[in-house]
Amino acid sequence: MSTDTQNPQSPHAIESVEEMIAHSIALEMEAVERYEEIADAMETHNNPETAELLRRLADYGRKHAAEMKERAGGRDLPRIAPWDYKWGTEESPESAEMEHAHYLMTPYHAVMIAHRAESNAHGFYAGVASSSTNEDVCALAREFAEEEAEHVAILEEWIDRMCPPEEGWDEDLDPPNISE
Ligand code: ZN
């Protein structure tokens, strides 16, 4: 039986450990790229505090991706074209959404965006664990889902310790793009 035989009941099911790890690395790296992208935007808008937090999140993502690569050991990982990823959504689940980024956003907002990304990643792995027919994939997906749940818990601790931004945080007294 070929490893890429698709389960007719769930065409998005991941059926090999190699495929699972390839998705995990892509997921982390896309998250990293997105955090860096938002951090760049924050720096452009003179918001270094939030940029620094996003760089930190990007670093965690890079470390996590490196761990995933180690988990692959000597396995040959498939190269997957972006349109062939089995996220079940258009974007990778852990990538933070640019549309939620605002140039005046505070570190609190950045953590909220990360919280959402980590929750989505958790959901992705939980979904794989319940849809794959490959036992090794299920075991790995459960393990990764637990890791993401830990990340979510850590971010929740951060959120608890932070003060939500005051109302009017997005009002700029000196707006950057006045057209007239
Ligand atoms: Zn994570």
Considering residues, nucleotides and ligands other than [X], do more than 12 of their heavy atoms fall under 6.0 Å from its [atom1]?
X: E43; atom1: CD; answer: yes
X: E49; atom1: CD; answer: no
X: E146; atom1: CD; answer: no

Shortest non-hydrogen contact between [X] and [Y], atoms and distance:
X: L53; Y: W158; answer: CD1-CZ3, 3.8 Å
X: S24; Y: F144; answer: OG-CE1, 3.2 Å
X: L27; Y: Y125; answer: CD1-OH, 4.0 Å
X: I14; Y: M20; answer: CG2-N, 3.7 Å
X: I80; Y: E19; answer: CD1-CG, 4.3 Å
X: M68; Y: I21; answer: O-CG2, 3.6 Å

Main-chain N/O of [Y] paired to [X] side chain as donor or acceptor, under 3.5 Å:
X: S132; Y: V128; answer: no
X: H109; Y: T106; answer: yes
X: T50; Y: N47; answer: no

**Asked** Given E118, which of I113, V152, L57 fulfils the side chain to side chain contact (heavy atoms under 4.5 Å, CB included) condition?
**Response** V152
Electrostatic pair [X]-[Y], nearest N-O below 4.0 angstrom:
X: R79; Y: D84; answer: no
X: K86; Y: E15; answer: no
X: R62; Y: E36; answer: yes

Atom [atom1] of [X] and atom [atom2] of [Y]: how far apart are they, to the nearest 0.5 Å?
X: E37; Y: M42; atom1: CD; atom2: CE; value: 11.0 Å
X: F124; Y: Y85; atom1: CZ; atom2: OH; value: 10.5 Å
X: L140; Y: E135; atom1: CG; atom2: CD; value: 13.5 Å
X: R55; Y: I38; atom1: CZ; atom2: CD1; value: 11.0 Å
X: E143; Y: C138; atom1: CD; atom2: SG; value: 13.0 Å
X: L155; Y: E150; atom1: CG; atom2: CD; value: 12.0 Å

**Message:** Aromatic contact between H64 and H151, with the criterion being ring centroids under 6.0 Å apart: yes or no?
**Reply:** yes
**Prompt:** What do the steps show when you test D76 against E18 for side-chain contact (heavy atoms from CB on, under 4.5 Å), and what is the final call?
**Reply:** CA-CA 7 Å; D76 245 333; E18 287 82 355; 5.8 Å; no
**Item:** Side chain to side chain, V32 and K63, heavy atoms closer than 4.5 Å
**Value:** no
